[in-house]
Amino acid sequence: MCYNNGMSFTSSEPLAARMRPRTLEEVAGQAHILGPGKLLRRVIEADRLTNIILFGPPGCGKTTLAEVIARTTQRKFVRCSGVVSNVAEIRQVCDRARNELGGMGTILFIDEIHRFNKAQQDVLLPYVEDGTVVLIGATTHNPSMFVNTPLTSRSLVFQLKPLAPADVAALLDRALADPERGYGKVPTALDPDARQFLSEICDGDGRHALTALEVAVRSTPASADGVIHLTLDVIQECVQRRQVQYDKKEDGHYDTISAFIKSVRGSDPDAAIYWLAKMLVAGEDPRFIARRLVILASEDIGNADPRGLTIAVAALQTVEFIGMPEARITLAQATTYLATAPKSNRSYEAIGKAIHDVETGAVQPVPEHLKNVHVKAVGAEEHDGYKYPHSYAGAWVEQSYLRIPETYYIPSDQGYEATIAKRMERR
């Protein structure tokens with residue numbers, strides 16, 4: 001923990017730490033919550049803070065925004081970490097704040113609040129509820145899944161977005177021009193193509209961009225004119241590779257698989273292959289991807305192309321059998337096949353409607369002629385017997401299979417299902 005009403009920087013601090021904004025005007029991006037007239041800006045400027053949960057990807061400015069809030073409101077700022085802090089420390093901070101009620105007020109900032117378990121989060125509730133502290137929690141996880149409902153219900157939840165390339169470029173320019181915290185006193189030239197590359201390659205992570213810039217400046221000798229020239233080759237060498245924002249326990253995992261499935265469903269093989277590549281590069285379990293394709297083959301393709309399910313199941317078996325990296329080829333084959341196959345969700349809709357009827361309506365008894373065993377009881381009503389379809393032309397005979405007929409499956413006009421529709425129409 002550290003107690004401060006601001007942040008003092010030293011030359012030993014990383015560039016990303018030194019360049020953290022000190023005012024709302026310096027905050028990059030997030031215009032959807034910090035623009036003129038927006039709720040969070042109005043709350044901060046009026047010093048009418050309530051409890052706040054900030055969530056978004058790494059490097060988008062959650063911690064920075066919390067510190068700017070502390071500076072703007074002039075309240076006491078106490079910082080804890082969900083990684084290292086414990087219940088005793090939380091109680092100590094909150095009890096001290098309670099003893100100081102009536103003073104300037106205390107903001108309790110908890111970084112990575114999702115790392116607190118339920119019991120630790122519950123400790124905060126009485127202090128948050130009675131206004132002893134104003135809680136600002138920061139998390140890369142979806143609060144609705146990883147933060148207790150009693151806390152989120154007492155807080156304003158704001159989602160921060162990855163920085164746009166233009167916002168990242170502005171951060172780089174500011175770092176190069178600032179003589180106090182950045183490299184304003186160091187003759188440095190960042191080539192336009194290198195600037196653009198670094199602005200786009202960091203995936204909206206401002207901290208990642210500034211770290212790469214710092215590595216480039218410190219590792220590149222000045223030329224004969226005394227200027228450090230940062231070319232595209234230099235920046236690419238410092239970055240090494242694109243940073244994929246993807247964590248199996250975070251939203252990136254769910255968002256990417258969602259984009260993948262929706263691209264296949266939408267019959268866009270190029271987008272589907274891209275999202276597949278992102279998952280594989282990020283280290284996603286290929287069996288998870290294959291299982292999702294099996295589900296999709298029935299849910300979104302169904303009888304429009306019955307081979308889709310065969311290919312998806314074969315892909316799952318192949319992935320299990322050969323593993324990575326070769327399994328990427330099989331996944332690509334299955335992905336492109338399913339993405340370009342005709343689509344139908346009529347089977348999916350049929351079972352959904354039938355289950356709804358079973359769960360909400362009167363459950364139909366099995367008709368006597370369909371039962372497995374027929375016992376003739378004294379006085380029992382006589383029923384027509386079961387008609388064996390194979391004994392009739394075309395292996396079909398008209399008879400009732402439900403006491404109260406219902407239509408659940410309505411074939412589409414897509415692919416093979418159009419043939420099914422014609423066959424059913426003839427009958």
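For the numbers below, each heavy atom of this structure counts, side chains included, while hydrogens, waters and symmetry mates do not.
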- Begin from the C-alpha positions of Val133 and Ile107 and carry the test side chain to side chain contact (heavy atoms under 4.5 Å, CB included) through to its verdict. CA-CA 6 Å; Val133 297; Ile107 294 176; over 6 Å; no
Between [X] and [Y], does any side-chain N to carboxylate O distance fall below 4.0 Å?
| X | Y | answer |
| --- | --- | --- |
| Lys343 | Asp305 | no |
| Arg79 | Glu67 | yes |
| Glu112 | Arg115 | yes |
| Asp268 | Lys262 | no |
| Glu299 | Arg346 | no |
| Asp357 | Lys353 | yes |

Do side-chain atoms of [X] reach the backbone of [Y] as a donor and acceptor pair under 3.5 angstrom?
| X | Y | answer |
| --- | --- | --- |
| Gln414 | Pro342 | no |
| Thr188 | Val186 | yes |
| His32 | Lys38 | no |
| Lys118 | Asn148 | no |
| Asn86 | Glu89 | yes |
| Arg42 | Gly37 | yes |
| Thr220 | Val217 | no |
| Arg20 | Thr64 | no |
| Arg18 | Glu13 | yes |
| Gln120 | Asn117 | yes |

For [X] versus [Y], what's the shortest heavy-atom pair and its separation?
| X | Y | value |
| --- | --- | --- |
| Tyr254 | Ile257 | O-CG2, 3.3 Å |
| Ala297 | Leu338 | CB-CD2, 4.3 Å |
| Pro411 | Ile420 | CG-CG2, 4.0 Å |
| Ala290 | Val319 | CB-CG2, 4.4 Å |

- Using the side chain to side chain contact (heavy atoms under 4.5 Å, CB included) rule, take Phe109 and Val78 through it: C-alpha gap first, then chi angles, then the decisive distance, then the call. CA-CA 6 Å; Phe109 172 60; Val78 184; over 6 Å; no
Are side-chain heavy atoms of [X] and [Y] found at a separation under 4.5 Å?
| X | Y | result |
| --- | --- | --- |
| Val93 | Leu108 | yes |
| Phe288 | His253 | yes |
| Leu276 | Leu331 | yes |
| Val157 | Phe55 | yes |
| Val168 | Leu198 | no |
| Thr211 | Pro14 | no |
| Asp193 | Thr231 | no |
| Leu54 | Thr139 | no |

For [X], is the [atom1] atom crowded, meaning more than 12 foreign heavy atoms sit under 6.0 Å from it?
| X | atom1 | result |
| --- | --- | --- |
| Arg423 | CZ | yes |
| Phe321 | CZ | no |
| Glu326 | CD | yes |

Residue list, side-chain hydrogen bond (donor to acceptor under 3.5 Å, both in side chains) with [X], at least two apart or on another chain:
| X | answer |
| --- | --- |
| Gln364 | none |
| Glu25 | Arg41 |
| Gln30 | none |

- Task: Go through the steps to decide whether Tyr348 and Asp300 satisfy the test side chain to side chain donor-acceptor pair (under 3.5 Å), and finish with yes or no.
- Result: CA-CA 8 Å; Tyr348 171 69; Asp300 295 300; over 6 Å; no
- Query: So His141 and Phe146, would you call those rings parallel, tilted or perpendicular, with 30° and 60° as cut-offs?
  - Reply: perpendicular
- Message: Is a donor from one side chain sitting under 3.5 angstrom from an acceptor on the other, for Tyr127 and Asp95?
- Response: yes
- Task: With side chain to side chain donor-acceptor pair (under 3.5 Å) as the test, would you mind laying out the steps for Glu417 and Ser412 before giving the verdict?
- Result: CA-CA 6 Å; Glu417 203 163 43; Ser412 70; 2.7 Å; yes
I need the [X] [atom1] to [Y] [atom2] distance, nearest 0.5 Å.
| X | Y | atom1 | atom2 | result |
| --- | --- | --- | --- | --- |
| Thr72 | Leu24 | OG1 | CG | 4.5 Å |
| Leu296 | Arg265 | CG | CZ | 6.5 Å |
| Leu40 | Ile52 | CG | CD1 | 5.0 Å |
| Asp285 | Met324 | CG | CE | 10.0 Å |
| Gln196 | Ile235 | CD | CD1 | 13.0 Å |
| Leu135 | Ile113 | CG | CD1 | 5.0 Å |

- Task: Show your working on salt bridge (Lys or Arg N to Asp or Glu O under 4.0 Å) between Asp111 and Lys62 and close with a plain yes or no.
- Result: CA-CA 9 Å; Asp111 198 10; Lys62 299 183 294 296; over 6 Å; no
- Please assess Leu151 against Ile53 for the test side chain to side chain contact (heavy atoms under 4.5 Å, CB included), listing each intermediate value before the final yes or no. CA-CA 9 Å; Leu151 278 182; Ile53 303 292; 5.6 Å; no
